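Report on the structure given below.
Since the structure is predicted, the reported quantities are computational estimates derived from the model, not experimental observations.
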Number of protein chains: 4
Amino acid sequence: MAAKRTGEKYYAIIEAAVKVIAENGYHNSQVSRIAREAGVADGTIYLYFKNKEDLLISLFRIKMGEFTAGARHELKDLKNPFIKLARLIHLHFNRLESDRNLALVVQIQLRQSENSIRKGIAAPLKLYFNIIEEIVVEGITSGAFRQDVNHKLARQMIFGTMDEVATSWVMSTHQYSLASQIEPVYYLLARALAQDGKIEPFSI
Amino acid sequence: MAAKRTGEKYYAIIEAAVKVIAENGYHNSQVSRIAREAGVADGTIYLYFKNKEDLLISLFRIKMGEFTAGARHELKDLKNPFIKLARLIHLHFNRLESDRNLALVVQIQLRQSENSIRKGIAAPLKLYFNIIEEIVVEGITSGAFRQDVNHKLARQMIFGTMDEVATSWVMSTHQYSLASQIEPVYYLLARALAQDGKIEPFSI
Amino acid sequence: MAAKRTGEKYYAIIEAAVKVIAENGYHNSQVSRIAREAGVADGTIYLYFKNKEDLLISLFRIKMGEFTAGARHELKDLKNPFIKLARLIHLHFNRLESDRNLALVVQIQLRQSENSIRKGIAAPLKLYFNIIEEIVVEGITSGAFRQDVNHKLARQMIFGTMDEVATSWVMSTHQYSLASQIEPVYYLLARALAQDGKIEPFSI
Amino acid sequence: MAAKRTGEKYYAIIEAAVKVIAENGYHNSQVSRIAREAGVADGTIYLYFKNKEDLLISLFRIKMGEFTAGARHELKDLKNPFIKLARLIHLHFNRLESDRNLALVVQIQLRQSENSIRKGIAAPLKLYFNIIEEIVVEGITSGAFRQDVNHKLARQMIFGTMDEVATSWVMSTHQYSLASQIEPVYYLLARALAQDGKIEPFSI
DNA sequence: GATGAATGAGTCTTCATTCAT
DNA sequence: CATGAATGAAGACTCATTCAT
């Protein structure tokens, strides 16, 4: 009865869901289609997930969790908040560009209206927000960023900007690379935050 | 057969839809509930809208159209791009704060996955994006903003930031006012864009 | 409240119904479409007909009544039952061929399942059946047709054959003329009925 | 997704549909009522049939297919075209008389106006028409039937007559037996076709 | 008489979920 | 553990009919 949260099939279903939802959208992704893509029976999905919604939330949790853990690890040893900011943008954009399906799901399909889904993804998203805010706080504390910057607001600007750039890219026909936006986005954000306009040159 | 696009009931249905969708989300807003809220029969909806999706798109078009027209009018006579930016943020946040239901629908419920809906709202959204980009271009041309700013990217930062701040506010319990964010958001964005860090003090 | 059964619009609606039903089938012919075709308002239909079903039945009654009256008149003065039979087939096929829409409605669209409709068209159809049976009875009485012919059965053969030939023609692409079938159908039916194989040569 | 076309429930649904449609007519037979009659859930219908229309067409195909196969088998070894004709009428009328519901559906309810349904039943009906025409051709070739008989027309007479007799019987209150009409119908049709009036006495 | 905007009952179909095997 | 046939609740949409003007 209790959903198993591990095993080979667990991940097969997650990957199948990313693919099917990316291609068809959440509301047009039948459980049976995800099951077929994963090579399991419909009922098997329910051995691993409580319901369809739980599958979507788990998917986000897994993918976001992996990303957040990786990001935290990569940023850990960087000393300068500007470089951390650059690296963050780099990680964010590269992650989405390297997996177009995941990008579609996270940027588009996940923006669902169901309150329960939004609640379910709030926690893993919060962890990512924390990483961003920590960079901001560190920047302020170290004197690299302006003292009057509100760190929550700065986080909203950083995330909102990356998010909008990524959404534009996902919805475009990909004529340009998302990676090409890393440096210009960095300069925009860095200038918004820098103390007395003194920013570090872009470096990841 | 052709849907009537005017009349007292047309607007009554639009308003009812905003209310019901804000409260329940698009996929959980039955046509019959919207009809009841509007005080008309179910079938009447279909005299004014082709289908449920058309209702959502029309709603966005109407509301966004009103806002865009108003914004363009208000910005027209302002001379300084910094002041225009401040006024834009002011208009954006005030519009959402003055109509919590509309904010819910636009910030949350409308972020649907259906391609057809996204296509339907693309055009009116584009008109708003144009207004933002025009401010950026004017700023660059006049020398107020940095010459190396990419105006599309700047627009994405401005919109993305306002959008994320608004979404956070909508999803919070409104302990704070969205209007209170106008000035700090202005300073963040203005610094990101300003030539040599020379920004205008906040003024709407 | 009581439906008017005369007037210019009455016939305009009947003709519009024949056209629309011929083109779309009964169940796909909305009252509003018939009204538009007739150049009247939807509600006007209900000043002349009790409901949609009454319109269909009236249509059949009018058209069948005209035909039956004409046929009875044309057959009245013919002396020979063989010639009457030939003339009947001639009238039946010519009527349908001269008005393709009417043929479509009578041969195809009218074969509806609603019991009430079948009951409504039973009476005018019966009048036509009577004409056919009278020819048969006259043939038997005069010694032209076999004495052991059951007149109801003979009528069923005559009508059934004409009906099937007409239906085949209506459903075909009209590569051939229905009139061309008059003579061969006559010979088939005449031989089935003739006393000692002595039939009259075809003559209308 | 693909409809299963076999299994116990497949036939249970077919039989239930025959019963419900016979009693209520196609347009007044809700899918849910057919499901209840068959003892399955509404949704189960859609595991076996693409939609309601497909159910009606399948029903006809199955029943007509069974009948045509049986008729072809029974007629195979009969040597004389007159006897084949007699046997055909016998099979046709007995089949309908032995299953009043089937008769109602085939003679009345199936005469629908929907083009798609007519197209769907055209093929199995054609197979039956072929059997009739083969008898006619054999009769002409063997010299038993007149040389100037058009075989398509003869088929239309044979089918049209049987059909009209059956329809009359179905719509009557069954005061008489359809079987009682086999012999007189045979004599009518045989005389219409016979060379020089020489027919075989009725024998099945 | 005529209009046509408004009504609201009625139904097919989908698909997440269950459970006997 | 795994299956997949079966379930049945839920809802968008149509269109014949009415009635205030």
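- D:His27 has its NE2 atom 17 Å from the P atom of F:dT14, to the nearest Å.
- Remark: B:Tyr46 is not in phosphate contact with E:dA6, judged by side-chain N or O atoms under 4.0 Å from OP1 or OP2.
- Here E:dG10 sits opposite F:dC13 as a Watson-Crick or G-U wobble pair (both hydrogen-bonding atom distances under 3.5 Å).
- Rounded to a whole Å, the NZ atom of D:Lys50 is 12 Å from the C1' atom of E:dT13.
- With a 4.5 Å cut-off on side-chain heavy atoms, B:Phe49 and B:Ile14 count as touching.
- Remark: C1' of E:dA6 and CZ of B:Arg36 are 18 Å apart, rounded to the nearest angstrom.
- Residue A:Thr44 has a polar side-chain atom (N or O) positioned under 4.0 Å from OP1 or OP2 of F:dT3.
- Residue B:Arg33 contributes atom CZ, which lies 19 Å from atom C1' of E:dG8 at whole-angstrom precision.
- Side-chain atoms of C:Lys52 lie closest to F:dA16 of the nucleotides F:dA12, E:dT17, F:dA16.
- Here E:dT13 presents its P atom at 18 Å from OH of D:Tyr48, a figure rounded to the nearest Å.
- Cation-pi geometry between D:Lys52 and D:Tyr46 is not satisfied (NZ or CZ under 6.0 Å from the ring centre, within 45° of the ring normal).
- Relative ring orientation between D:Tyr10 and D:Tyr48 is described as tilted, the plane-to-plane angle lying within the 30° to 60° band.
- When rounded to the nearest whole Å, the span between CD of A:Gln30 and P of E:dA16 equals 6 Å.
- To the nearest angstrom, P of F:dG11 lies 15 Å from CD1 of B:Ile45.
- Between A:Lys9 and the phosphate of F:dA2, there is a side-chain N or O to OP1/OP2 separation shorter than 4.0 Å.
- Across all strands shown, E:dT17 pairs with F:dA6; the Watson-Crick or G-U wobble distances both stay below 3.5 Å.
- Of the candidate nucleotides F:dT17, E:dT17, E:dA2, F:dT17 has the atom nearest to the side chain of C:Asn51.
- With the nearest nucleotide of DNA chain E identified for both B:Asp42 and D:Ser29, B:Asp42 has the one nearer the 5' end.
- Put simply, CD on B:Glu53 is 12 Å from P on F:dA12, counting in whole angstrom units.
- Under the 4.0 Å criterion applied to side-chain N and carboxylate O atoms, A:Glu15 and A:Lys63 are assigned as salt-bridge partners.
- Nearer the 5' end of DNA chain F, as judged by each residue's closest nucleotide, is the contact made by B:Ser32, out of C:Ser32 and B:Ser32.
- Taking for each of C:Ala41 and B:Gly43 the nucleotide of DNA chain E with the nearest heavy atom, the 5'-most of the two is the partner of C:Ala41.
- With distances taken from any side-chain atom of D:Val31 to the nucleotides F:dT17, F:dA5, E:dT13, the minimum falls on E:dT13.
- Just one of A:Ile117, A:Ile121, A:Asn51 meets the side chain to side chain contact (heavy atoms under 4.5 Å, CB included) condition when paired with A:Leu56; it is A:Ile117.
- Among the heavy atoms of the strands, none lies under 4.0 Å from B:Phe49.
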